[in-house]
Structure formats: C-alpha cells, structure tokens
Amino acid sequence: MTTDEILDELELIFPNAECELIHKNAYELLIAVILSAQTTDVSVNKITPALFERFPTPQLLAKAELSEIEPYIHSIGLYRNKARSIKGCAAALVEKHQGIVPSTMKELTALPGCGRKTANVVLSVAFNVPAIAVDTHVERVSKRLGLAKPDDSVLEVEKKLKRKIKRERWNKSHHLFIFFGRYLCMARNPQCERCPFQSICKRKKIEAVS
DNA sequence: ATCCCGAGGG
DNA sequence: CCCTCTGGAT
C-alpha cells in the first residue's frame, strides 16, 4: 500500500478533517494550540470563547496578571504553566513583533510556550504554509501504519512523513492523521474492526517490543 | 528524564 | 481505578 493510497483511503473516511480549535485569527489560534497541549480540543474550545472575549489582543493578554488568567484556563489542566506560556507569548508578540503573529518556524519557536509542534500547526492552519505537526496522534498512527519506526523521535517522524508525502498533501495529511488517531486508531482501544489498514498495521509488533 | 495537571472515557 | 488528551520547559 503506497502512502498516497493510505491518504486517499483516509480522505474517504474523514472527508471533513480540519482544525477543530475555535479561533478567529492567528493570535487566537496560536494561544489555543498552546493551551491544547496534553488536553483535548473539546476541552480547550469550552474555555477559549470567554478567554478571548476578556483578552481579545496580545496587548491585553500581556498586561494581565497570572492570577486573572488562571481561572479562565483552570479546567484544561497544566494551567499554571499554560498561563505563564500564553502571557509570555503575548508579551513577546507585542515586544518583538508589533503584536503580529510571525510566520516562520524560527520566530514562532522563539515564543515562550511555542515548540515545533505548535509552530507547525500555526504555519499550516493560519498561514497555509506546507507543514506537518507531529503530536501524540500523528506519532502513534505513523508508527502503526509503518510510515516510521517504533523508536523514531517526533522529529524523525516528521522528516519521514515529509519525505514520503508530496508537499501539496502535507497540510491535509496532518489533519487526516489526527482524525484517524482520534476517532479510529485510538491509543487505548483502537477500532480495528472498522479499520481499512489491518493488513499493514504494525501495532502488534510495536506493543510486543514495549 | 521529569514535571505540570484537570476532565473525560473505559 | 487507570489511561489519555493536537507538548514544552527545565
């Protein structure tokens, strides 16, 4: 099964795969993605409307006290780190980028709380730059599908995916893998009966080793 | 390698 | 109860 055939099949199963984080602009997307670390986007979407109503611009968020930010995001977990990250990120946007979200990997990953995965999502979704963000879902399903080796790092997974997938399909592929991992090839109880990739799946082999 | 850390699902 | 969730900083 070629990589293109895998992607074609995923497009049939998930024709509406796209970013599910609520956002009105690049600033809101960046903050939402930072908040989404180790948290479901359903949880993030519950709190971002009120957060962005209170802090609609990086200028306002940068000036806020952590004690005022934390209650808005408490329910998503890791809230102290995330409050520091989004406040620091907003401050950096104001001080170094005139309040505008930058559109390069180098500038994005220099922002507090914004690592390579977050930067790739912002590049892809906000700026339509070809990118593949490798998160927990993408890493897991890439290895199960045999597109990466079991002990590959996330960066190695990203490189292999970019090598095997044509550039025009990078942005869509990311969301196809996310939806596949979220709704079918789950970490805990994958729905193997409904999966069209049983013949190529490496899961048994991977879990036998670990 | 470890910490952060609440909500939701099984 | 345990595991997982679109990770990043130290």
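Note on naming: letters A, B, ... go to the chains in the order of the sequence lines (proteins, then strands), and numbering restarts at 1 for each one. Values below: all heavy atoms of this structure, side chains included; hydrogens, waters and symmetry mates excluded.
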Quiz item: Hey, is the side chain of A/R140 poking within less than 4.0 Å of OP1 or OP2 on C/dC5, counting only N and O atoms?
Solution: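 So the side chain of A/R140 is within the cut-off, an N or O lying under 4.0 Å from OP1 or OP2 of C/dC5.
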
Quiz item: Would one find a side-chain N or O of A/R188 under 4.0 angstrom from OP1 or OP2 of B/dG9?
Solution: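 No, because none of the side-chain N or O atoms of A/R188 sits under 4.0 Å from OP1 or OP2 of B/dG9.
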
Exercise. Enter the distance from A/H175:NE2 to A/N16:CG here, rounded to the nearest 0.5 Å.
Key: 12.5 Å

Practice problem: Give a yes or no on whether a salt bridge exists between A/E107 and A/K96, defined as a side-chain N under 4.0 angstrom from a carboxylate O. | Solution: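 The answer is no: the pair does not qualify as a salt bridge.
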
Practice problem: Please confirm whether the backbone N or O of A/P102 pairs with a side-chain atom of A/H97, one donor and one acceptor, at under 3.5 Å? | Solution: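 Checking the backbone N and O of A/P102 against the side chain of A/H97, no donor-acceptor pair under 3.5 Å is found.
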
Quiz item: Does a donor on one side chain and an acceptor on the other come within less than 3.5 Å for A/D41 and A/S36?
Solution: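 Distance-only check fails for A/D41 and A/S36.
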
Exercise. Please measure how far the P atom in B/dC5 lies from the corresponding atom in C/dT10, and state the result in whole Å.
Key: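 These two P atoms come out 15 Å apart once rounded.
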
Quiz item: Which whole number of Å gives the distance between the P atom of B/dT2 and that of C/dT6?
Solution: 24 Å

Exercise. Please report the closest heavy-atom contact between A/F52 and A/I22, naming both atoms and the distance.
Key: CE1-O, 4.3 Å

Provide a list of protein-nucleic acid N or O atom pairs under 3.5 angstrom, restricted to nucleotides 6-10 of chain C.
residue: C/dT6; atom: OP1; partner: A/D41; partner atom: N; Å: 2.9
residue: C/dT6; atom: OP1; partner: A/D41; partner atom: OD1; Å: 3.4
residue: C/dT6; atom: OP2; partner: A/H137; partner atom: NE2; Å: 2.7
residue: C/dT6; atom: OP2; partner: A/R182; partner atom: NE; Å: 3.4
residue: C/dT6; atom: O2; partner: A/D135; partner atom: OD2; Å: 2.8
residue: C/dT6; atom: O2; partner: A/H174; partner atom: NE2; Å: 3.4
residue: C/dT6; atom: N3; partner: A/H174; partner atom: NE2; Å: 3.3
residue: C/dG7; atom: OP2; partner: A/Q38; partner atom: N; Å: 2.7
residue: C/dG7; atom: O5'; partner: A/Q38; partner atom: N; Å: 3.4
residue: C/dG8; atom: OP1; partner: A/G115; partner atom: N; Å: 3.0
residue: C/dG8; atom: OP1; partner: A/G115; partner atom: O; Å: 3.4
residue: C/dG8; atom: OP1; partner: A/T118; partner atom: N; Å: 2.9
residue: C/dG8; atom: OP1; partner: A/T118; partner atom: OG1; Å: 2.5
residue: C/dA9; atom: OP1; partner: A/G113; partner atom: N; Å: 2.8

Quiz item: Of A/T104, A/L29, A/V122, which is the lone residue that meets side-chain contact (heavy atoms from CB on, under 4.5 Å) with A/F127?
Solution: A/V122

Distance in angstrom units between [X] [atom1] and [N] [atom2], rounded:
{"X": "A/Y183", "N": "B/dG9", "atom1": "OH", "atom2": "P", "result": "12 Å"}
{"X": "A/I34", "N": "B/dC5", "atom1": "CD1", "atom2": "C1'", "result": "17 Å"}
{"X": "A/K46", "N": "C/dC5", "atom1": "NZ", "atom2": "P", "result": "17 Å"}

Self-check item: 5′-ward residue of the pair A/Y79/A/N189 relative to DNA chain B
Solution: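 By nearest-heavy-atom nucleotide position, the 5'-most residue is A/Y79.
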
